[in-house]
Amino acid sequence: MTETIIMCAVLSIIVFCSQAILCLKAKQKTVKLIPGYIIVAVYAICIILWFIDLFGGSGGVAIWQIFAFIISIANTVAFVSDILAWIAFGKPKN
């Protein structure tokens with residue numbers, strides 16, 4: 001459990017720092033949204049994995065749904081740290 005907490009903390013720090021750098025340095029909004037695009041893409045992959053097991057499962061262990069669940073937990077940690085970086089550094093300039 002300790003390793004999971006450490007890995008989630010490292011992921012959160014990486015996403016927060018990368019989004020903060022993009023918010024401070026990038027001029028175009030499209031570039032600033034790159035971490036958000038990646039997070040949405042990972043959620044889409046999780047949904048695809050879930051549907052693969054739902055409609056194509058053989059009745060055994062739902063391994064693709066388990067993978068989708070684990071990935072979505074890590075992705076939610078990244079999503080929250082991305083939102084926190086937007087709150088901290090994404091203020092519009094007047």
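We count residues from 1, following the sequence as given.
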By the rule that ILVMFWY residues connect when side-chain heavy atoms come within less than 4.5 angstrom, directly or transitively, which residues belong alongside Met1? Ile5

Kindly indicate whether the side chain of Leu54, heavy atoms from C-beta on, has any atom under 4.5 Å from the side chain of Gln65. yes

Side chain to side chain contact (heavy atoms under 4.5 Å, CB included) with Ile73: which residues, sequence neighbours excluded? Phe69

Do Leu33 and Trp86 make a side-chain contact, defined as non-hydrogen atoms from C-beta onward lying under 4.5 Å apart? yes

For Phe89 and Ile21, what are the C-alpha separation, side-chain angles and deciding distance, and is it a side chain to side chain contact (heavy atoms under 4.5 Å, CB included)? CA-CA 9 Å; Phe89 297 102; Ile21 290 169; over 6 Å; no

Which residues share a side chain to side chain contact (heavy atoms under 4.5 Å, CB included) with Ile70, sequence neighbours left out: Ile66

Tell me, please, which residues at least two apart from Tyr43 pass side chain to side chain contact (heavy atoms under 4.5 Å, CB included). Ile39, Ser72, Asn75, Thr76, Phe79

Going by atom type alone, with no hydrogens or angles, which donor-acceptor pairs under 3.5 Å involve a side-chain atom of residues 11-19 and a protein atom two or more places apart or on another chain?
unit_1 : atom_1 : unit_2 : atom_2 : d
Ser18  : OG     : Ile14  : O      : 3.1
Ser18  : OG     : Val15  : O      : 3.0
Gln19  : NE2    : Lys32  : O      : 2.9

Return the set of residues passing side chain to side chain contact (heavy atoms under 4.5 Å, CB included) with Val31 (not counting sequence neighbours), or none when no residue passes. Leu22, Ala26, Gln28, Ile34

Measure the CG-CZ distance between Leu49 and Phe67 for me, rounded to the nearest 0.5 Å. 9.0 Å

